[in-house]
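In what follows, a single structure is set out as structure tokens and then discussed.
Numbering of ligands and ligand atoms starts at 1, following listing order. Keep in mind it's a predicted model, so treat the numbers as computed, not measured.
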Amino acid sequence: MSSPIHYRGRFAPSPTGPLHFGSLVAALGSYLDAKHHRGIWLVRIEDLDTPRTVKGAADEILGTLEAYGLHWDEDIIYQSQRTAAYEAAFHRLKVAGSVYPCACSRKEIADSGLQRGDELVYPGTCRKGMAQGKTARAWRVRVNDTCITFSDRMQGIISQDLATEAGDFVVLRADGLFAYQLAVIVDDAAQGITDVVRGADLLFSTPRQIYLQRLLGLPTPAYMHLPVVVNSQGEKLSKQTLAQPVRDNNPAFTMFDALVFLRQQPPAELRLDTIEEILGWAIANWQPGALLNCHQLPIEQPTAAF
Ligand SMILES: [Zn+2]
């Protein structure tokens, strides 16, 4: 782990809707870890995927964070305003010969039958050049025979053979937008992030991000992936699974519940305290180790507080 004095963490929501309980828990985990280490905590709005961005959602999320006492320390970065930085990184990959154009449609890749979990593994069709008469849709990075291993502060040693588990992956999408995997590492480096604390749904994207960091000569932060909050059907809370937004009218109650949920065992009398007092206790007593060996955090049907 990095020196406490230099700790810089961040919360990076996508503005596709209001903050729900799962994203509040992720925000709180990264905030508490940063503040426990006397660090800086930043917020980045990941509004790069413009087709999915909902107008007004970013302001709504920021309003909720403020209502919950989660104040960020420096100016907010918006990915939609960072295209030049992603272009520069992409250009470096191109000059180094690390990326190539790909003409394959999603259907063609799906038909190749290589699948890992929910993700399609690209079979490398265009690696040695596109077939005659085809035009480039996306740009992919060559992964060669790279195996990436890293030690996650919560999930332990994670190892991924990029060739068989991810394949050459997209860095510039067919719709002209830069891929999340590229944008996130460019931004983490630009913001000097030393510690990434986020949901475990991103655990298996991390080796691809580390690979890009190495290609671009960027530092790799420490990672800690928190268990994902799931509903009673075992689905990750999200807009797609109709997760209820957190409400701003009684943040102290919901914050207390979020701490219980993160297995922090706040004393019962704290429930009636102000949000500042609850957070003060939580920062001083933050113990992410309470979540070890826990892969999912199920909640029952959303309660009034959530
Ligand atoms: Zn292709």
task: Determine yes or no for a side-chain-to-main-chain donor-acceptor pair under 3.5 angstrom, with Asp47 supplying the side chain and Ser80 the backbone.
output: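 At least one qualifying donor-acceptor pair exists.
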
message: Using the ring pair (Phe, Tyr, Trp, His ring centres under 6.0 Å) definition, which of the options Phe90, Phe169, Tyr100, Tyr122 pairs with Trp139?
response: Phe90

- request: Would you mind listing every side-chain hydrogen bond (donor to acceptor under 3.5 Å, both in side chains) that reaches into residues 277-292, with sequence neighbours excluded?
  value: Asp33-Trp286, Thr274-Glu277

Determine all donor-acceptor pairs shorter than 3.5 Å in which one atom belongs to a side chain in residues 25-32; sequence neighbours excluded.
unit_1 : atom_1 : unit_2 : atom_2 : d
Ser30  : OG     : Ala27  : O      : 3.1
Ser30  : OG     : Trp41  : NE1    : 2.9

message: In this structure, would Ile275 and Leu19 fall into the same cluster of hydrophobic residues linked by side-chain contacts under 4.5 Å?
response: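 Hydrophobic grouping puts Ile275 with Leu19.
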
Contacts of Tyr211 that satisfy ring-ring contact (aromatic ring centres under 6.0 Å, His included) - sequence neighbours left out: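 Testing Tyr211 for ring-ring contact (aromatic ring centres under 6.0 Å, His included), a comparison that skips the adjacent residues, returns none.
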
message: Below 2.8 Å, which protein N, O or S atoms neighbour the Zn ion (ligand 1), ignoring water?
response: Cys102 SG, Cys104 SG, Tyr122 OH, Cys126 SG

